[in-house]
Amino acid sequence: MNGAHDMGGMHGFGPVVREENEPVFHEEWEKKVFMMSRVTRVRGIINIDESRHGIERMPPAEYLAASYYERWLSSLERNLVEKGVVTQEELEARVRLLQEQPDAPLPRREDPDLIAVLRTPSAGRDQYERPGAAPRFAEGDAVVTRNEHPLGHTRLPRYVRGKRGTIHAVRGSYIFPDTHAHGLGEQPQPMYTVAFEGGELWGPSSEPRERVYIDLWESYLEPPAGSPS
């Protein structure tokens with residue numbers, strides 16, 4: 001979807017500022033958000049594409065003002081309500097309680113089996129490669145990205161839509177995020193690394209020899225007009 005999150009290639013945001021020796025977490029509460037997100041992944045409640053789409057649906061002003069883990073929390077709340085795990089009323093009641101009683105004890109639930117799973121480094125880090133159809137394109141093939149603007153989740157950035165590129169590598173078959181984010185199944189399809197020349201994306205203002213590589217699924221691509229399909 002064309003939300004505020006899709007700002008690749010846009011002007012006006014200034015340089016990317018890197019924080020020297022940046023910690024994994026800046027605040028204690030961020031650890032809890034991270035762990036709650038891992039639990040929902042391990043339990044099969046929220047998959048990674050649903051989580052990303054939850055972030056994309058934040059109101060633009062809130063998205064731009066939010067920190068990294070504030071966006072995670074927003075998506076977590078939205079998805080848990082939509083899936084019926086908690087209600088909006090329960091969430092709002094908890095917020096009111098903590099505003100009135102910041103030191104109120106948090107509920108505890110002992111689950112040694114879940115903790116053991118979460119201590120496994122691979123927990124919540126799913127594998128997304130799946131058996132699928134043979135790739136339609138090969139390395140070196142010219143392609144054009146479809147100029148589509150779906151309302152739902154997509155991994156096709158806005159700034160490369162309708163642009164010509166070249167297949168740089170064939171990566172295998174992977175879960176298709178556009179369906180996986182909406183309960184429509186994994187529907188795996190071939191994925192490619194596509195190379196785009198800077199001039200194709202940004203015209204004369206592009207830097208010399210600039211090239212961008214993006215991993216894209218097959219249904220985002222089509223042969224250039226006039227080439228064999």
Side-chain angles (χ1 to χ4, degrees), residues 1-3 5-10 16 34 37-38 40-42 44-56 68 71-72 75 79 120-202 206-207 209-229:
M1 60 184 292
N2 296 339
H5 67 284
D6 190 359
M7 59 179 65
M10 294 177 65
V16 175
F34 176 78
S37 297
R38 286 189 70 194
T40 62
R41 199 77 51 80
V42 168
I45 300 171
I46 303 172
N47 68 49
I48 190 170
D49 297 306
E50 291 169 327
S51 179
R52 287 170 172 155
H53 189 48
I55 293 174
E56 294 165 3
Y68 182 73
R71 293 169 185 165
W72 276 42
S75 176
N79 274 295
T120 305
S122 60
R125 295 181 174 86
D126 300 330
Q127 297 297 317
Y128 302 100
E129 190 168 12
R130 296 286 188 275
R136 179 184 183 185
F137 303 105
E139 289 183 19
D141 283 356
V143 292
V144 178
T145 55
R146 297 181 186 276
N147 189 11
E148 298 176 331
H149 300 268
L151 295 176
H153 179 63
T154 186
R155 300 288 285 172
L156 177 61
R158 187 166 32 187
Y159 75 103
V160 301
R161 295 174 191 168
K163 303 296 184 181
R164 296 173 64 96
T166 304
I167 300 295
H168 174 74
V170 181
R171 297 300 183 186
S173 179
Y174 288 83
I175 294 172
F176 188 44
D178 300 39
T179 58
H180 199 221
H182 301 290
L184 300 176
E186 296 184 348
Q187 303 192 31
Q189 57 178 262
M191 187 176 72
Y192 309 87
T193 298
V194 182
F196 297 91
E197 300 298 332
E200 173 70 9
L201 300 179
W202 296 297
S206 173
E207 296 181 10
R209 299 186 298 280
E210 189 171 39
R211 181 175 288 178
V212 177
Y213 297 85
I214 304 179
D215 289 339
L216 299 173
W217 275 261
E218 186 166 283
S219 62
Y220 299 156
L221 308 172
E222 54 189 5
S227 64
S229 60

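Model, not experiment: these values are computed from the prediction.
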Name all residues meeting the salt bridge (Lys or Arg N to Asp or Glu O under 4.0 Å) criterion together with Glu50; count only those two or more places apart in sequence or in a different chain, and write none if there are none.
Lys83
Suppose we call two aromatic rings close when their centres sit under 6.0 Å apart. Are Trp202 and Tyr159 close by that rule?
yes
What pairs of residues pass the salt bridge (charged side-chain N to carboxylate O under 4.0 Å, His left out) test when at least one of them lies in residues 166-178, not counting sequence neighbours?
none
Hits for ring-ring contact (aromatic ring centres under 6.0 Å, His included) against His182, two or more places apart or cross-chain, chain-then-number order -> His53
Which residues pass the side chain to side chain donor-acceptor pair (under 3.5 Å) test with Glu210, not counting sequence neighbours?
Ser206
Can you name the side-chain contact (heavy atoms from CB on, under 4.5 Å) partners of Tyr213, sequence neighbours left out?
His168, Thr193, Ala195, Arg211
For Phe196, all residues meeting ring-ring contact (aromatic ring centres under 6.0 Å, His included), sequence neighbours excluded
none
Any residue meeting side-chain contact (heavy atoms from CB on, under 4.5 Å) with Arg146, in chain and number order, not counting sequence neighbours
Glu148, Glu222
Name all residues meeting the side-chain contact (heavy atoms from CB on, under 4.5 Å) criterion together with His180; count only those two or more places apart in sequence or in a different chain, and write none if there are none.
Asn47, Asp49, Ile175, Glu186
Could you list the residues that satisfy side-chain contact (heavy atoms from CB on, under 4.5 Å) with Asp141, not counting sequence neighbours?
Phe137, Ala138, Ile167
Test of understanding: with side chain to side chain donor-acceptor pair (under 3.5 Å), list the residues that count as partners of Thr166, not counting sequence neighbours.
none
Using the salt bridge (Lys or Arg N to Asp or Glu O under 4.0 Å) criterion, which residues pair with Glu139? Sequence neighbours excluded.
none
Mind checking what makes salt bridge (Lys or Arg N to Asp or Glu O under 4.0 Å) contact with Arg161, not counting sequence neighbours?
Asp6
